[in-house]
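Each remark here refers to the structure printed beneath this line.
Naming: A, B, ... by sequence-line order, numbering from 1 per chain.
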Amino acid sequence: MGYERQADFGTPEVRSDTQVTCFIDGREVTVPAGTTVMRAAALTGGSIPKLCATDNLKQFGSCRLCLVEIDGMRGTPASCTTPVAPGMQVHTQTPKLHKLRKGVMELYISDHPLDCLTCSANNDCELQDQAAAVGLRDVRYGYEGENHLGEMPDISNPYFDFDPSKCIVCSRCVRACDEVQGTLALTIDGRGFDSKVSAGLTSDSFLSSECVSCGACVSACPTATLQEKAVKEIGKPERSVITTCAYCGVGCTFRAEMRGEQVVRMVPWKDGKANRGHSCVKGRFAWGYAQHQERILSPMIRESIDMPWREVSWEEALSHTAREINRIRDTYGRNALGGIVSSRCTNEEGFLVQKLVRAGFGTNNVDTCARVCHSPTGYGLKTTFGTSAGTQDFDSVEDSDVMLVIGANPTDGHPVFASRMKRRLRKGAKLIVIDPRRTDLVRSPHIEADFHLPLRPGTNVAILTAMAHVIVTEGLADEAFIRERCDWDEYQHWAEFVSAERNSPEFLSPVIGVEAEAIRGAARLFATGGNGAIYYGLGVTEHSQGSSTVMAIANLAMVTGNIGRRGVGVNPLRGQNNVQGACDMGSFPHELSGYRHVSDAATRALFEAEWGVPIDPEPGLRIPNMLDAATDGEFKALYIQGEDILQSDPDTKHVMAGLAAMECVIVHDLFLNETANYAHVFLPGSTFLEKNGTFTNAERRIQPVRKVMEPLNGYEDWQVTQELARAVGLDWNYTHPSEIMDEIARLTPTFAGVNYKRLDAEGSLQWPVTDAAPDGSPIMHIDSFVRGKGKFVVTDYVPTDERTGPRFPLLLTTGRILSQYNVGAQTRRTANVVWHEEDLLEIHPTDAENRGLKSGDWVKLASRSGETTLRATVTDRVAPGVVYTTFHHPATQANVVTTDYSDWATNCPEYKVTAVQITPSNGPTEWQEDYDAQATRSRRIAGVTGLQGAMEPAE
Amino acid sequence: MSGQTAEKLAYMANQIARNLVHDAAPVASVADHIVTFWTPRMIDILVAQGRSGLDPVAADAITQIVAGRIPPSQSRATDPLVHGSDAG
């Protein structure tokens, strides 16, 4: 589409069972009761002048521009604050109104710079539009009086500027920060003529304030007061394309607003069903990595990892790779080959990678990075409910009365959904947070968790079982729901188990590290507080009992009857953008798409008929098993699309050993990532801006990803995989990802009704999309569970074998931060580094004092696996005995410290519990120096000097 | 075969057994879990080392898997995935 502003109906949509009919300038309109006159007028195609109103904020009634006349009413009420009434006759354009509005505009413009032609918002400014709409031709007051035109701009934020000389004090930015984002960083300072927008204290700039750079204020601003620096530099966009963000599992949709092949800005799409017009600092602003100078655009090969890379043509790279694959298969057998599907790439790309491995390599050795994040979700929810996915849509939170958030830090990991949670919490919903750290959700403006249970890392199962004990033994179980919806015998077996004294809060409290009465209080609140919804993240799954914890969560939802309707449910917050999709696409070594086991002959027959090759009926290797097999000399070649396992996977030294033992590592990525240090073939990848496809978010929502610019490397990733498949002898002839989706739909019952035509028309679809649910399934398990009866599973607490002791007395847990994403490959190549330029170690004041440490000191972080150095931050956000860090920076390589302990059911690594010691340090460890030297050597490119040559730093 | 891998697989089998001990038929559950998620080669490694290092439930599960197994292809010549469905 060409460039035009998103429609703005002035005030938010109202939901009501009652409809009201009224007349706007004689035009009949019927709207839900409670709708404002302004919105009703907009729905008829009219446009009442406005400045302080916008449809994602509550009406405010301050600008006095939207005045109307209504038959039978005195004066000129503001249309933004006046609800429609039956039969109401509204007049929006009269001589009286014209005069009033013109007078209001005259006052605004008397204190506004008249530099429209050189203003960055020229022709994209609501103030300018409204001046035109009211017919303003002159300003009688002159410009010589006291004014704000000399105010200095605040350019501290890397992505947007604040120019107070252009501010009309409409408060839209302040309200957006309050209502949409929920940070409340902005305020109107002063009164009357002195009123001005302020980011906190007088001494604060936007950068130093509590502002989280979500961009809501920038989107809300009707002038050039808050504006993207990119717009100032490039100019007004000339076209826009709706696409889906490639960061976290919320799956925000954006309008990529373009000038030629250049992105001017990414603006959250108001019709996006996942984000409802909101965004975070990553999706909104951190897309500059797509044009980063370190992107590799030419294929490269080398004989060994000691040699510099050699740039070659696509033809040579692909034929060389195919020869290597064939050689290794002939020499070592098909099971010496494997592949890794990316959770950052599209469904179609993931489907092709697993198809290449199964049909081309002839093995089921394919896995995805969900292995190291949400594989326990797949196992746990399939076992208990019958489907490897969350049960709700995001809108469901609007009807939640109690939220139980465990092992998730949504304000940092899933910020756009966190804003929706906070909005509901500010309206009175109750909150239980189970987390070793005091996350921002525990206490933030107008929000205070009713219970924060700061458990000892590794005791999730114990605390959830203790809560179940309280619910069962105090008679709070929803027996009617259980009898109707669940297997009663299994429930009784489970209830007997949880009722045992050894599962009581009092017995387990010393293990968990939380007072028994707090556990009892939280359990009672969850069971009796109305609609209870559970939200969880990697703090649940990345444990040796990750799958048990997911099943304990499912037990808790079933025993309280919190499944099958709005406001309740089990909601895994997915880490990467397409974790759900990658899992759906058959990326696990034991399952074909739609979570059907490879041993099922009928399923295999479907795929064999479509693909024309036999499918191995035995499961393949998981990622950790591949690395083990490699060090054993049995696994030799790996095709890795869009993952950096050397940085993201645990026990870095073991990953290095596994990769080093392979004869052909093929990395298909944007940058020479850490894994590429051990690669023999590098195939340049394309960004989400350069490809077509679909992502599936945490609510099972399949959304289009649209190509907004041509791929700088020449090919979309699905095309690269197709060319590789052709090189190894497969006859693939897809001309567009829609054809791949058609194949997915033919082979996958839950995707049966999905196709690009419908996605284009409807914006998104939530699987399953079947004959029984032709419009998709926002909420699952409504009348019955997918598996039939819900299954209660006994989840006995088994302590992790990773134990603290005299040498390693502290527990390390890891996580992420708002401004960075995963291994940081994207966000580290953007201005987001101003907020987080290095990984820091959070340590409690007591533990710091015992070691003579203060904030900013270098410390050595050592475990049984390895050691690294980083700087300390002393904070009581973590409990005594617990330390915390992020894993965004390869210079730290936090995963050299994590162990190879993993979830019993899925081998998801136990990132969240590592016994460590902290000691003062004065520089990098020997291992870090060796690693850095190897990385530098490995990144050499023959004939190229500079950043990608010998001087290339460690990413 | 690496002793380290065999040791790790035994650890994994024991871990599975510890977490499924409350199932109605724990040995069958452990066997089912391993067959569902492990490659035949991983199972072979565990079978080769016998019951040593295995908890009783895990060891019984491995015995049960072996008892119910179809013999694997004896050579690449009989591997259908190498030569298609026709063994010749």
Pick whichever of [options] has the most heavy-atom pairs under 4.5 Å with chain B.
options: Val793(A), Asp801(A), Val613(A), Asn364(A); answer: Asp801(A)
options: Tyr797(A), Tyr379(A), Phe588(A); answer: Tyr379(A)
options: Ser548(A), Ala905(A), Ser599(A); answer: Ala905(A)

Inset, instruction - May I ask you to decide whether Arg18(B) forms a salt bridge with Asp796(A), counting only side-chain N to carboxylate O separations under 4.0 Å? - result: no
Legend entry - Interatomic spacing from OG1 in Thr39(B) to CD in Glu634(A) - rounded to 0.5 Å: 9.0 Å
Inset, instruction - Please state whether the side chain, the backbone, both or neither of Asn907(A) comes within less than 4.5 Å of a heavy atom of chain B. - result: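 The side chain, not the backbone.
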Legend entry - Proximal component of Thr363(A), with respect to chain B [non-hydrogen, under 4.5 Å]: neither
Legend entry - Sidechain-backbone polar pair: His493(A) side chain, His22(B) backbone, donor-acceptor under 3.5 Å: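 Answer holds: yes.
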Legend entry - Over 12 non-hydrogen atoms of neighbours within 6.0 angstrom of CD in Glu496(A): no
Compare every heavy atom of [Y] with every heavy atom of [X], then report the nearest pair and how far apart it is.
X: Trp904(A); Y: Leu20(B); answer: CH2-CD2, 3.7 Å
X: Lys8(B); Y: His654(A); answer: NZ-NE2, 4.1 Å
X: Asp903(A); Y: Gln15(B); answer: C-NE2, 4.2 Å
X: Pro619(A); Y: Pro40(B); answer: O-CD, 4.1 Å

Inset, instruction - Give me the ring orientation class for Tyr901(A) and Tyr11(B): parallel if the planes are under 30° apart, tilted from 30 to 60°, perpendicular past 60°. - result: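 Rings of Tyr901(A) and Tyr11(B): tilted, 30 to 60°.
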Inset, instruction - Evaluate the side chain to side chain contact (heavy atoms under 4.5 Å, CB included) criterion for residues Arg41(B) and Asn335(A): first the C-alpha distance (whole Å), next the side-chain angles of each, then the deciding distance (0.1 Å), finally the verdict. - result: CA-CA 10 Å; Arg41(B) 181 69 184 138; Asn335(A) 285 325; over 6 Å; no
Are [X] and [Y] packed together at the side-chain level, in the sense that at least one heavy-atom pair is separated by less than 4.5 angstrom?
X: Asn19(B); Y: Gln545(A); result: yes
X: Val35(B); Y: Glu618(A); result: no
X: Met12(B); Y: Asn625(A); result: yes

Legend entry - Under 3.5 Å side-chain donor-acceptor pair for Thr5(B) and Asp628(A): no
Inset, instruction - Would you mind checking which part of His33(B) comes under 4.5 Å of any heavy atom in chain A, side chain (CB onward), backbone (N, CA, C, O), both or neither? - result: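 The side chain, not the backbone.
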Inset, instruction - Kindly say whether the aromatic ring centers of Trp38(B) and His590(A) come within a distance under 6.0 Å. - result: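 Trp38(B) vs His590(A): aromatic centres not under 6.0 Å.
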